[in-house]
Amino acid sequence: MTDFRSEVEIAVIGAGAAGIGAARRLREARGPSFLVLEARGRVGGRVHTIAPSGFALDRGAEWLHSADRNPLSPIARELGFRVHRRPPEWVSRLARSGETAEAEADWLATREAQARARRDAAARPADSSLASLLVPGGRWNRLLDATSSWANGAGLDRVSVKDYVRYEDSGINWRLEEGYGRLFEMLADGLPVALSTPVSRIAHGGRAIALETGRGTVTAARVIVTVPTSILAAELIRFDPPLPEKLSAAAGLPLGVDDKLFISLEGALPGVGHDGFLIGSTTRTETMSYQIRPLDRPAIYCFFGGRFAAALEREGEAATFSFAADELTQLLGSGIRRQIAPLAATAWLGDRWARGSYSYALPGRADDRARLAAPVDGRLFFAGEATSPNFFSTAHGAYLSGIAAAEAVLAGFKRD
Ligand SMILES: Cc1cc2nc3c(=O)[nH]c(=O)nc-3n(C[C@H](O)[C@H](O)[C@H](O)COP(=O)(O)OP(=O)(O)OC[C@H]3O[C@@H](n4cnc5c(N)ncnc54)[C@H](O)[C@@H]3O)c2cc1C
């Protein structure tokens, strides 16, 4: 990492996936001088690998979504990462979670009907919420809501149909043995990043742009802002003169909440294969998704989202573990209590520099992604997962948005 500098041609705010993508593109251009300003004492942002038990645990992004189209898949391979291609069983796991095969078939048919309803609704002029597509009293409504809390970090009532259908998913999902966070650490290697340098104000009225940071002022000719929408909407970075368009766009794209609880698992679990996926309850929205022995590790990864995750963050790690232990006991019998112990838990809503997990668009606000991404005066540029038109809420969407912003900045430099 690098030392603070008070004058550069291009400043990038944030060293998450988007900031790293932007900085790598700027370095490749061997053109204008640049510096990445990062509030945390580490790079990666919402991609972060820890290893409290010797194997990698991704606190944030874990899956290379749309892995066959994801630019990070070949990069990971080239850098020597072990890429696991075993597909996750996110769709067909009800029969193992206490439902019959007929119930599972009914669930799959309901999911397909919902997908058709979304496509039809998205073609209409007015936007609506995903909840408006539910069949009143439908058997699977609570499970659909729980699924939304995992996919969007928010309940169906909060999410725009038009935005949801714009997300592109090839259905191929891979994982990295060493962790997605480690990949971004490697990608950031050698980049000029000033850590522990939060930016609090962007004064863009003068000839040079002045950035107020915790370590003094940095002036730059161009700035790429990659911080989460939660930081912009809360005005933790102030624009001077103000940019009401950006504040409004950020408010239309709040961060949902998704968290993980990692549990150690001793011994065998009869009837559950390695990398088995289970759902705690098919009749409650407040439930968790479980990954048993992921990548054959002695562990269970628990995933939960939406209002439920926000409430569990407030209750703390012991209460979260107790909830998971109760659900696992229901699914697998009381013997499991002797086999499990908490390893680590996340609290992304309470995380000072994230304030949530990934963005979704409120009903009627799907076009806020383009509004947020639009440059201001050819000098202020915006990147980050929330600005991605088709891969929002992902690490590769963020990375690609950073590259696009850097290319736009470089194109402007050439014209000047
Ligand atoms: C629990 C969870 C699971 C996820 N699972 C997946 C997954 O499986 N696959 C996937 O592709 N994606 C997943 N994601 C989403 C993915 O992690 C994010 O979409 C992506 O990492 C966002 O990158 P970014 O660069 O846009 O933002 P960030 O990673 O948030 O980067 C922004 C950076 O800006 C910094 N910053 C904030 N404020 C300031 C300031 N004032 N001054 C300076 N710096 C500041 C932050 O510290 C941060 O480092 C998951 C996220 C979570 C939380």
Side-chain angles (χ1 to χ4, degrees), residues 11-23 36-48 57-67 70 72-73 88 90 150-151 153 167 169 173-176 179-181 183-184 188 193-202 211-215 218 223-232 234-238 253 255-262 291 301-305 309 345-349 351-360 372 382-388 391-402 405:
V12 178
I13 306 178
I20 292 170
V36 185
L37 302 163
E38 168 54 51
R40 299 177 198 264
R42 62 166 179 84
V43 298
R46 286 173 272 164
V47 193
H48 184 210
L57 297 177
D58 276 309
R59 297 180 63 250
E62 170 186 4
W63 296 90
L64 290 147
H65 291 312
S66 297
N70 186 325
L72 294 156
S73 304
W90 284 322
W150 302 327
Y167 178 75
D169 182 4
N173 300 281
W174 296 340
R175 283 166 290 179
L176 300 177
Y180 217 161
L183 174 63
F184 278 97
V193 183
L195 295 174
S196 308
T197 310
V199 175
S200 53
R201 185 164 168 266
I202 302 177
L211 305 177
E212 254 170 45
T213 84
R215 294 166 69 189
V218 180
V223 173
I224 303 177
V225 182
T226 77
V227 300
T229 50
S230 51
I231 301 287
L232 295 176
E235 294 195 74
L236 293 177
I237 298 182
R238 284 186 177 278
L253 303 167
L255 296 197
V257 186
D258 275 291
D259 276 312
K260 298 181 184 183
L261 168 70
F262 301 103
Q291 217 177 323
Y301 299 174
C302 319
F303 192 69
F304 45 101
T346 68
W348 285 103
L349 182 60
D351 181 293
R352 187 173 172 196
W353 302 113
R355 296 179 160 226
S357 301
Y358 32 84
S359 68
Y360 62 94
L372 183 64
F382 291 81
E385 55 89 6
T387 66
S388 170
F391 290 135
F392 45 84
S393 77
T394 68
H396 64 288
Y399 184 74
L400 287 169
S401 77

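Order of appearance sets the numbers: ligands from 1, and atoms from 1 within every ligand. Note that the numbering runs from 1 along the sequence shown for the chain.
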Which heavy atom of [X] sits nearest a heavy atom of [Y], and at what distance?
X: Arg215; Y: Ser196; answer: CD-O, 3.6 Å
X: Thr394; Y: Tyr167; answer: CG2-OH, 3.4 Å
X: Glu62; Y: Tyr301; answer: OE2-CE1, 3.8 Å
X: Glu38; Y: Val193; answer: CB-CG1, 4.0 Å

Does [X] reach ligand 1 with a nitrogen or oxygen that is under 3.5 Å from one of the ligand's nitrogen or oxygen atoms?
X: Ala395; result: yes
X: Tyr358; result: no
X: Arg59; result: no
X: Leu236; result: no
X: Phe303; result: no
X: Glu62; result: yes
X: Ala17; result: yes
X: Thr197; result: no
X: Tyr180; result: no

Among all protein heavy atoms, pick the one closest to [atom] and tell me residue, atom and distance.
atom: atom 53 (C) of ligand 1; value: Ser357 CB, 3.5 Å
atom: atom 8 (O) of ligand 1; value: Trp63 N, 2.8 Å
atom: atom 27 (O) of ligand 1; value: Arg46 NH2, 3.0 Å
atom: atom 21 (O) of ligand 1; value: Val47 CG2, 3.2 Å
atom: atom 36 (N) of ligand 1; value: Val227 CG1, 3.7 Å
atom: atom 47 (O) of ligand 1; value: Glu38 OE2, 2.6 Å
atom: atom 43 (C) of ligand 1; value: Ala39 N, 3.4 Å
atom: atom 5 (N) of ligand 1; value: Ala61 CA, 3.3 Å

Is any side-chain heavy atom of [X] less than 4.5 Å from a side-chain heavy atom of [Y]?
X: Trp348; Y: Arg59; answer: yes
X: Gln291; Y: Phe303; answer: no
X: Val225; Y: Leu232; answer: yes
X: Val43; Y: Phe184; answer: no

Does some non-hydrogen atom of [X] fall short of 4.0 Å from ligand 1?
X: Thr226; answer: yes
X: Gly44; answer: yes
X: Ala354; answer: no
X: Asp259; answer: no

Contact partition for [X] relative to ligand 1, non-hydrogen atoms under 4.0 Å:
X: His65; value: side chain
X: Ala386; value: neither
X: Ala18; value: both
X: Ile237; value: side chain
X: Ile13; value: side chain
X: Trp348; value: side chain

- Message: In terms of relative ring orientation, are Phe391 and His396 parallel, tilted or perpendicular, with 30° and 60° separating the classes?
- Response: tilted
Short list, please: which atoms of ligand 1 are under 4.0 Å from a heavy atom of [X]?
X: Val199; value: 40 (C), 41 (N), 42 (N), 43 (C)
X: Gly16; value: 25 (O), 29 (O), 31 (O), 33 (C), 49 (O)
X: Leu37; value: 43 (C), 44 (N)
X: Glu385; value: 19 (O), 22 (C), 26 (O)
X: Gly384; value: 26 (O)
X: Ser393; value: 12 (N), 14 (N), 15 (C), 19 (O)
X: Asp258; value: 1 (C)
X: Gly45; value: 29 (O), 48 (C), 49 (O)

Treating [X] as the side-chain partner and [Y] as the backbone partner, does any N or O pair qualify as donor plus acceptor under 3.5 Å?
X: Arg46; Y: Ser357; result: yes
X: Asp58; Y: Gly179; result: no
X: Thr197; Y: Leu195; result: yes
X: Thr226; Y: Gly384; result: no
X: Thr346; Y: Asp259; result: no
X: Glu385; Y: Ser393; result: yes

- Apply side-chain contact (heavy atoms from CB on, under 4.5 Å) to Ala39 and list each qualifying residue two or more places apart in sequence or on a separate chain. Pro198, Trp353
- Task: Applying side-chain contact (heavy atoms from CB on, under 4.5 Å), name anything that partners Ser230, two or more places apart in sequence or on another chain.
- Result: Pro228, Leu255, Arg355
- SB check Asp351 Arg40 (cutoff 4.0 Å): yes
- When you look at Leu261 and Phe304, which way does the side chain to side chain contact (heavy atoms under 4.5 Å, CB included) test go after all the steps? CA-CA 9 Å; Leu261 168 70; Phe304 45 101; 4.0 Å; yes
- Hey, which of Ile231, Val36, Ile202 is the one that makes side chain to side chain contact (heavy atoms under 4.5 Å, CB included) with Ile13? Ile202
